[in-house]
Undergrad: 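Just passing along the structure, written as structure tokens.
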Number of protein chains: 2
Amino acid sequence: MARQTRQKDAIVAALRAHGEFVSAQQLHQALEDAGEHIGLATVYRQLNALADSGEADTVRLDGQQLFRLCGTGHADGDDGHDGAEPRRHHHHLVCTSCGKTVEIDPPGEQWLRTIADRHGFTIESHTLELFGLCADCRKKQDDASDAS
Amino acid sequence: MARQTRQKDAIVAALRAHGEFVSAQQLHQALEDAGEHIGLATVYRQLNALADSGEADTVRLDGQQLFRLCGTGHADGDDGHDGAEPRRHHHHLVCTSCGKTVEIDPPGEQWLRTIADRHGFTIESHTLELFGLCADCRKKQDDASDAS
DNA sequence: CTTTTTGCAAATCATTTGCAACTGA
DNA sequence: TCAGTTGCAAATGATTTGCAAAAAG
């Protein structure tokens, strides 16, 4: 069902190359720069497809949606069961200055279950995002505020 | 600096009445229903003002921003230093069906600190949102899927 | 050839803003 | 009076979608 196209490849490549989270717009721009003239709509479509299939991870920062390759692995062999579950949940630690992103460990699924139970909820998904400054940016910022 | 206007009151009232998170659009609609003809733009402006002043809490679900009165408190006396810190962080449990929202306890600030430390980050803010179905909606949905 | 994918532009959607008319303190 | 506030409509910005042309299998 999924055909292999130049643009799809380019998008995944760009995504992989970038490593961190990027907005569709940014990625589109990057592709332009790289000489790959791909429609913005296609970038969006592809990105969403990746997110839905679970190959990409997404976060919503401010008003935009950012994407990043998930396992950075890639298609391994094949698997018989494909996703019935769309977008996964994420746990990220994002530097608000340089954008560096780190995956973090889940905050005890145990705790999660407890909360859900207590309120009679059935958890479908959850997001946890920590925003702050990474060591480097922290230093830079200190220096900056030091100057007048 | 902040004048008291009919619309501002109506908005806060509607917000308080609703209790849970609402989108600007929803709130605007509600006001219309209540006979209060207030410009959508004004609703947005007011809502943002409330959020900035810390009187309202906000979450981003999907592509919209939802608001809810925060401490139900209000401006205390006056203060010389005005906000350097805009919007706070939240911990919510939201029903994706009826919108019911429950405040939940933080997932161990301890754990948070550990993560931050390990990666050399200085956490500025964080968001944690759990989405799922509350008991009621879960039942309803089961029934529905039961019918063909 | 048949179906998926692309492209582009027009369409949405939520939110913001310009600016003149308005109104509360 | 006069600055903060409102309204409406037009402007934005991100993302989506309609549809015919291009490409993959």
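Chain letters run A, B, ... following the sequence lines, proteins first, then strands; residues in each count from 1.
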Undergrad: How long is the line joining CD of Q64(A) and C1' of dT15(C), in whole Å?
TA: 14 Å

Undergrad: Mind checking side-chain hydrogen bond (donor to acceptor under 3.5 Å, both in side chains) for Q7(B) and listing every partner two or more places apart, or none if nothing turns up?
TA: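 With sequence neighbours excluded, Q7(B) shows a side-chain hydrogen bond (donor to acceptor under 3.5 Å, both in side chains) to no residue whatsoever.
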
Undergrad: Starting at CZ of F67(A) and ending at P of dA14(D), how long is that distance when rounded to a whole Å?
TA: 13 Å

Undergrad: For dT6(C), take OP1 and OP2 only and decide whether either is under 4.0 Å from a side-chain N or O of Q7(A).
TA: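 False: Q7(A) side-chain N/O out of range (4.0 Å or more) of dT6(C) OP1/OP2.
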
Undergrad: With sequence neighbours excluded, what pairs up with E36(A) under the side chain to side chain contact (heavy atoms under 4.5 Å, CB included) test?
TA: R6(A), A10(A), L31(A), I38(A)

Undergrad: CD of Q65(B) to OH of Y44(B): how many Å apart, nearest 0.5 Å?
TA: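 If we round to the nearest 0.5 Å, Q65(B):CD and Y44(B):OH are 9.0 Å apart.
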
Undergrad: Considering just the side-chain nitrogens and oxygens of N48(B), establish if one lies under 4.0 Å of OP1 or OP2 belonging to dT16(C).
TA: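 Indeed, a polar side-chain atom of N48(B) lies that close.
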
Undergrad: Which residues pass the side chain to side chain contact (heavy atoms under 4.5 Å, CB included) test with L50(A), sequence neighbours left out?
TA: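 Applying side chain to side chain contact (heavy atoms under 4.5 Å, CB included) to L50(A) gives V12(A), L15(A), L47(A), E55(A), A56(A).
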
Undergrad: Quickly work out the L40(B) CG to dT15(C) P distance and round it to whole Å.
TA: 9 Å

Undergrad: Are any non-hydrogen side-chain atoms of Q25(B) and H28(B) less than 4.5 angstrom apart?
TA: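 No - every pair of side-chain heavy atoms lies 4.5 Å or more apart.
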
Undergrad: Please list, in numerical order, the residues of residues 22-37 of chain B that have a heavy atom closer than 4.0 Å to any atom of DNA chain D.
TA: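 Those residues whose heavy atoms fall under 4.0 Å from DNA chain D, taken from residues 22-37 of chain B in numerical order, are H37(B).
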
Undergrad: Taking the axis from the first five pairs and the axis from the last five, what angle separates them in the helix from dC1(C)-dG25(D) to dA25(C)-dT1(D), rounded to 10 degrees?
TA: 30°

Undergrad: Give the rounded distance in Å between these two atoms: CD1 of I38(B) and P of dT15(C).
TA: 17 Å

Undergrad: Going by side-chain hydrogen bond (donor to acceptor under 3.5 Å, both in side chains), name the residues that satisfy it together with D9(A), two or more places apart in sequence or in a different chain.
TA: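 Here the qualifying residues are Q4(A).
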
Undergrad: Of the non-hydrogen atoms in R3(A) and K8(A), which two are nearest, and what is the gap between them?
TA: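 Distance-wise, the nearest heavy atoms are O-NZ, 2.8 Å.
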
Undergrad: Can you give one letter per nucleotide of nucleotides 17-25 of chain D, 5' to 3': B if a protein heavy atom sits under 4.0 Å from the base, S if only from the sugar-phosphate, - if neither?
TA: BB----BBS

Undergrad: Here's a test for you: under side chain to side chain contact (heavy atoms under 4.5 Å, CB included), which of L27(B), V22(B), N48(B) qualifies with F67(B)?
TA: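 Checked L27(B), V22(B), N48(B) against F67(B); only one passes side chain to side chain contact (heavy atoms under 4.5 Å, CB included): N48(B).
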
Undergrad: Minimum heavy-atom separation for A51(A) and T58(A), please, with both atom names.
TA: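 So the minimum-distance heavy-atom pair works out to CB-CG2, 3.6 Å.
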
Undergrad: Taking only residues two or more places apart in sequence, or in another chain, which ones meet A41(A) in a side chain to side chain contact (heavy atoms under 4.5 Å, CB included)?
TA: R45(A)

Undergrad: What is the distance, rounded to the nearest whole Å, between atom CD of Q46(A) and atom C1' of dT16(D)?
TA: 15 Å

